[in-house]
2 protein chains.
Amino acid sequence: METQDAVAALAALAQETRLEIFRLLVAAGATGLPAGKIGEHLGLPSATLAFHLKELKHAGLVTFTRQGRSLIYAAVYHRMNALLGYLTENCCQGNPAACGLPAPRKEPA
Amino acid sequence: METQDAVAALAALAQETRLEIFRLLVAAGATGLPAGKIGEHLGLPSATLAFHLKELKHAGLVTFTRQGRSLIYAAVYHRMNALLGYLTENCCQGNPAACGLPAPRKEPA
DNA sequence: TCCATATCTCCATTCATATGGAAATATAAT
DNA sequence: ATTATATTTCCATATGAATGGAGATATGGA
């Protein structure tokens, strides 16, 4: 992952509402959640929700597929993985132990 | 680490200049770097540099100590560690393997 | 076709962030 | 004391992000 992409992903997650959306989608797993359910869970007006989903989508952290009239959103794990890889490689002295982490498996995505 | 702190740390790193400052400090290791050297490396006007250092400091990602008339800045590794811990725990289904990572050692800081 | 549902786009408004010149503060040296 | 160095704070400005109402678009069902 390049620095530009890392900045985009970090910016997408650096907002309470969006971080909560992402966490909810992670918890929902591979099946994902329709936009409506997300808004319901977090009590968000539709326009606000759409705005944040667009940001996450733009950063590559979520995708969606249509199912009837619902759009089902899901977390993109490999993107999160790539972000964690970037951070451990670039912000832990190339030595993850410096940040208390075990050796990372080389970023695949 | 709480969600609030994670958002603050993410926001601090979600900016190209600040991410570069932090990476530079990580590379510099425990001895750190005087503010002036950082600005020199990255070609930043002093006011801009001071602004970003304040943001990083506020997020707990850097500290500084005075040495003569220089302020020596250094990366706070345990904070980065805590952020990575938060992300793997909360954004990888509580299952780091979902993000291609080995099991994390429990966040100590 | 007509209506209901799910979600988005448009827009105005508000608030926060980023940038950098200029002046202020702190330390050191002569 | 005075001057030089290192860095910060102050301030104005420009740019971008967040919020949410209202209307547009897409799909499915009667």
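Here is the naming used below: chain letters follow the sequence lines, and residue numbers restart at 1 for every chain. Being a predicted model, the structure only gives us computed values, none of them experimental.
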To the nearest 0.5 Å, what is the distance between [atom1] ([X]) and [atom2] ([Y])?
X     : Y     : atom1 : atom2 : value
B/Q67 : B/L71 : CD    : CG    : 10.0 Å
A/L33 : A/S70 : CG    : OG    : 11.0 Å
B/L56 : B/L25 : CG    : CG    : 8.0 Å

Practice item. Give none if D/dG21 has no partner; otherwise give the nucleotide forming a Watson-Crick or G-U wobble pair with it, both distances under 3.5 Å. Key: C/dC10
Using whole Å, what does the distance between atom [atom2] of nucleotide [N] and atom [atom1] of [X] come to?
X     : N      : atom1 : atom2 : result
B/E16 : C/dT17 : CD    : P     : 19 Å
B/L42 : C/dA18 : CG    : C1'   : 16 Å
B/Q67 : C/dA28 : CD    : P     : 10 Å
B/H58 : C/dA16 : NE2   : P     : 13 Å
A/L56 : C/dT7  : CG    : P     : 16 Å

Point to revise | Evaluation steps, side chain to side chain donor-acceptor pair (under 3.5 Å), between A/T3 and A/Y86 | key: CA-CA 8 Å; A/T3 296; A/Y86 178 94; 2.8 Å; yes
Close N/O contacts between protein and nucleotides 7-14 of chain D (under 3.5 Å):
| unit_1 | atom_1 | unit_2 | atom_2 | d |
| --- | --- | --- | --- | --- |
| D/dT7 | OP1 | B/A35 | N | 3.2 |
| D/dT7 | OP1 | B/L71 | N | 3.2 |
| D/dT7 | OP2 | B/G36 | N | 2.7 |
| D/dT8 | OP1 | B/Y73 | OH | 2.4 |
| D/dT8 | O4 | B/S46 | OG | 3.4 |

Check your understanding: In this structure, are over 12 heavy atoms from other groups packed under 6.0 Å from A/K57 atom NZ?
Key -> yes
Practice item. Verify the contact: side-chain N or O of A/H52 to OP1 or OP2 of D/dT19, cut-off strictly under 4.0 Å; return yes or no. Key: yes
Check residues 10-20 of chain B and write down every donor-acceptor pair under 3.5 Å in which the side-chain atom is one partner and the other belongs to a residue at least two apart or another chain.
| unit_1 | atom_1 | unit_2 | atom_2 | d |
| --- | --- | --- | --- | --- |
| B/Q15 | OE1 | B/T17 | N | 2.9 |
| B/Q15 | OE1 | B/R18 | N | 3.2 |
| B/R18 | NE | B/A12 | O | 2.7 |
| B/R18 | NH1 | B/H52 | ND1 | 3.1 |
| B/R18 | NH2 | B/A11 | O | 3.3 |

**Study point:** Which residue lies more 5' along DNA chain D, comparing A/L44 with A/G68 via nearest heavy atoms
**Key:** A/L44
